[in-house]
Protein chains: 2
Amino acid sequence: MTNQLDNFFSALADPTRRAVVERLTQGPAAVSALHDGHDMALPTFLRHLKVLEESGLVTSTKKGRVRTVHIEAAPLRILDDWLARHRDLWDARLDRLTRLAEAMEESDADDPI
Amino acid sequence: MTNQLDNFFSALADPTRRAVVERLTQGPAAVSALHDGHDMALPTFLRHLKVLEESGLVTSTKKGRVRTVHIEAAPLRILDDWLARHRDLWDARLDRLTRLAEAMEESDADDPI
DNA sequence: GAGTTGGTTAGTCATATTGCTAAGTATTGA
DNA sequence: TCAATACTTAGCAATATGACTAACCAACTC
């Protein structure tokens, strides 16, 4: 019953993994290149990559001894859609509140304290 | 060094908590009302609310014995900005790939197999 | 073919997360 | 005032997460 969104959000909850995703938006990169600059043992870093890959946010292919990691488009779209949906609801709510505030102001004008 | 985004993303990684956020986009609600429909002991559910509140995604106020929970706008904006930033980068990358593909098609036309 | 490079596997440890029950507090309503 | 309602706290158990080291394999490079 675990949603795809569960995996996307929890994958992105870690700063190391977000950094990897950010880096990958600029193009694919090898594991060791991605690891560079992260003060963390390689096996630990690899676990993060595995989490990203299992979530579907990235894919990877191995050629020779080099594994190259690529970002996936679809998940970003799904995340975006979720957020967009709630952005809309929020905006609608804001509108209602605005109208309410206006209505209250009017009624204040009609019938002050 | 934990980013605000860490908390937003990990708070939203749980389906129960996402459901609460979705519900709250329609307006504030009391704890017991929010709990309704979630097959989960109340203390467990309260823990989820606490996570949401500590992340800053929601706030709550207590009046009498009823605690009312409200959604916060700012975090959704921050999340949206992060995603938008990467949507842009991704789009840019897509554009580059598209141009590359076109270039390759052209060179194929010039010099087929 | 010996060493180096790039990644992988296995195993351990500490802490965090997510669920529970049991028991408590504080309002509110009869 | 007594009982019901609406949380709240405390404490426990199981699993997940994030870090490490040590040891390993596979593919280049000399």
Side-chain angles (χ1 to χ4, degrees), chain A residues 1-24 27-71 75, chain B residues 1-24 27-71 75:
Chain A
M1 205 58 169
T2 35
N3 195 308
Q4 222 179 1
L5 281 170
D6 291 20
N7 299 318
F8 294 161
F9 278 118
S10 67
L12 292 173
D14 184 282
T16 298
R17 293 195 292 260
R18 275 202 310 282
V20 169
V21 167
E22 299 196 21
R23 164 74 196 276
L24 289 177
V31 167
S32 50
L34 289 172
H35 178 228
D36 249 40
H38 291 277
D39 186 19
M40 177 182 293
L42 183 59
T44 304
F45 185 74
L46 231 96
R47 262 287 253 296
H48 284 300
L49 289 184
K50 203 179 168 196
V51 170
L52 282 173
E53 189 153 6
E54 282 172 353
S55 80
L57 285 170
V58 310
T59 52
S60 73
T61 51
K62 194 167 182 177
K63 191 173 183 179
R65 57 186 169 174
V66 176
R67 177 174 296 281
T68 303
V69 186
H70 325 260
I71 200 168
Chain B
M1 204 55 170
T2 36
N3 195 310
Q4 222 179 0
L5 281 170
D6 291 19
N7 300 318
F8 294 162
F9 278 118
S10 65
L12 292 173
D14 184 283
T16 299
R17 293 194 292 259
R18 275 202 311 282
V20 168
V21 167
E22 299 195 22
R23 164 74 196 274
L24 289 178
V31 167
S32 50
L34 289 171
H35 177 227
D36 249 38
H38 290 278
D39 185 19
M40 177 181 293
L42 183 61
T44 304
F45 185 75
L46 230 96
R47 208 75 153 257
H48 284 299
L49 289 184
K50 202 179 169 196
V51 170
L52 281 173
E53 189 153 6
E54 282 172 352
S55 80
L57 285 170
V58 310
T59 53
S60 73
T61 50
K62 193 166 183 176
K63 190 170 183 181
R65 57 187 168 173
V66 176
R67 179 174 295 281
T68 303
V69 186
H70 325 258
I71 201 167

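These values consider heavy atoms only, across backbone and side chains, with no hydrogens, waters or symmetry-generated copies. Sequence lines set the chain letters: A, B, ... in the order given, protein chains first and strands last, and positions in each chain run from 1.
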Practice problem: Specify the separation, in whole Å, of atom CG of B/Asp6 and atom P of C/dT15. | Solution: 19 Å
Quiz item: What integer distance in Å separates A/Leu52:CG from D/dT17:P?
Solution: 13 Å
Exercise. Round to the nearest Å and state the distance from B/Leu34 atom CG to D/dC7 atom C1'.
Key: 13 Å
Practice problem: State, with a plain yes or no, whether a side-chain heavy atom of B/Arg23 is found less than 4.5 Å away from one of B/Leu34. | Solution: yes
Self-check item: Partner of B/Val20 by side chain to side chain contact (heavy atoms under 4.5 Å, CB included), out of B/Val51, B/Leu57, B/Leu52, B/Asp14
Solution: B/Leu52
Quiz prompt | B/Leu46 backbone acceptor or donor facing B/His35 side chain under 3.5 Å | solution = no
Quiz item: Given atom CD of B/Glu53 and atom C1' of D/dC7, what is their separation to the nearest angstrom?
Solution: 14 Å
Quiz item: Looking only at atom types and distance, does a side-chain atom of A/Arg67 sit under 3.5 Å from a main-chain N or O of A/Val31, one as donor and one as acceptor?
Solution: no
Quiz prompt | B/S/- contact track for nucleotides 19-30 of chain C, protein heavy atom under 4.0 Å | solution = BBBB----BS--
Quiz item: For D/dC7, does OP1 or OP2 lie under 4.0 Å from any side-chain N or O of B/Ser32?
Solution: yes
Self-check item: Distance-only donor-acceptor check, side chains A/His38 and A/Thr44, under 3.5 Å
Solution: no
Quiz item: What is the distance, rounded to the nearest whole Å, between atom NE2 of A/His38 and atom C1' of D/dG18?
Solution: 15 Å
Quiz item: Side chain of A/Arg17, backbone of A/Leu12: donor and acceptor closer than 3.5 Å?
Solution: no
Exercise. Would you kindly give the CG-to-C1' distance between B/Leu49 and D/dC7, to the nearest whole Å?
Key: 11 Å
Practice problem: Whole angstrom is fine here: how far is it from NZ in A/Lys50 over to C1' in D/dA16? | Solution: 13 Å
Quiz item: For the pair made of CG in A/Leu46 and C1' in D/dA19, what is the distance, rounded to whole Å?
Solution: 14 Å
